[in-house]
Amino acid sequence: EDSLPRVMFVCRANSCRSQMAEGFARAFGKSRITVESCGLRASAVNSRAIAAMAEIEIDISQHSSRCIDAFEAKDFLAVVSLCGCAASVPREWTERPIFRDWDLDDPPALEKDEPGVYRRVRDEIKTRVEQLIAELSKNEN
């Protein structure tokens with residue numbers, strides 16, 4: 001596992017989008033990548049994000065919200081910002097060999113009580129995580 005590419009998903013509060021991305025990456029990237037998520041600040045994992053992922057049988061209920069300050073950028077090959085917040089991400093993180101800024105909608109900011117928004121963003125994250133894992137796997141070969 002130490003030799004696997006390490007991926008960090010970053011969001012503003014590590015409560016929704018980055019948690020879903022971590023859940024997908026753990027589910028789809030087993031034996032291919034190691035994954036973490038964090039926020040520019042820590043908060044709590046969003047209960048609607050947990051519910052949206054549970055609908056597709058990925059359990060993120062035991063995840064915890066962590067701050068980017070708890071990690072070292074040098075430990076990660078790939079860093080993905082999910083909130084269009086690349087300008088706020090510390091420079092050492094944006095200078096990793098692979099950096100992506102996906103700029104996805106923030107479900108809690110759009111419709112707090114609309115599960116459809118969470119599902120739409122969840123499904124977009126799923127597609128992008130699958131593509132990222134395929135890219136990282138191709139680079140390893």
Between Arg17 and Cys11, which heavy-atom pair has the shortest distance, and what is it?
NE-SG, 3.4 Å

Between Ser65 and Ser43 (side chain of the first, backbone of the second, donor and acceptor by atom type, cut-off under 3.5 Å), is there such a pair?
yes

Is the backbone N or O of Glu22 less than 3.5 Å from a side-chain atom of Ser37, with the two atoms forming a donor-acceptor pair by type?
no

Are the side chains of Phe71 and Arg66 in touch, meaning some heavy atoms are under 4.5 Å apart?
yes

Report the residues that fulfil disulfide (SG to SG under 2.5 Å) with Cys85, sequence neighbours left out, ordered by chain and then residue number.
Cys83

Under 3.5 Å donor-acceptor, Arg26 side chain and Val35 backbone
yes

How about Val79 and Thr94: do any of their side-chain heavy atoms sit closer than 4.5 Å?
no

Taking every non-hydrogen atom, the tightest pair across Gly23 and Ile60:
CA-CG2, 3.8 Å

Examine distances only and state if a side-chain atom of Arg48 and a backbone atom of Tyr118 form a donor-acceptor pair shorter than 3.5 Å.
no

Residues in side chain to side chain donor-acceptor pair (under 3.5 Å) contact with Asp105, at least two apart in sequence or another chain
Arg120

Side chains of Ser15 and Asn46: do they bring a donor and an acceptor to under 3.5 Å?
no

Distance flag, aromatic centroids of Phe76 and Trp93, threshold under 6.0 Å:
yes

Ala25 versus Ile33, closest heavy-atom pair with distance:
CB-CD1, 3.9 Å

Nearest heavy-atom neighbours spanning Val129 and Trp102
N-CH2, 3.8 Å

Could you see if Ile68 belongs to whatever hydrophobic cluster contains Leu104? Use Ile, Leu, Val, Met, Phe, Trp, Tyr and a side-chain cutoff under 4.5 Å.
no

Heavy-atom closest pair, residues Ala78 and Leu136
CB-CD2, 4.4 Å

Within-4.5 Å side-chain heavy-atom neighbours: Glu135 and Arg100
yes

Please list, chain by chain and in numerical order, all residues satisfying salt bridge (charged side-chain N to carboxylate O under 4.0 Å, His left out) with Arg12, sequence neighbours excluded.
none

Determine whether Phe28 and Met20 fall in the same hydrophobic cluster, where Ile, Leu, Val, Met, Phe, Trp and Tyr are linked whenever their side-chain heavy atoms lie under 4.5 Å apart.
yes

Is the backbone of Ser64 close enough, under 3.5 Å, to the side chain of Gln19 for a donor and an acceptor to pair up by distance?
yes

State whether the number of non-hydrogen atoms from other residues, nucleotides or ligands found under 6.0 Å of Gln62 atom CD is greater than 12.
no

Leu82 and Ala21: which non-hydrogen atoms are nearest, and at how many Å?
CD2-CB, 3.8 Å

According to a hydrophobic-cluster definition based on side-chain heavy atoms being under 4.5 Å apart (Ile, Leu, Val, Met, Phe, Trp, Tyr only), do Phe9 and Ile125 belong together?
yes

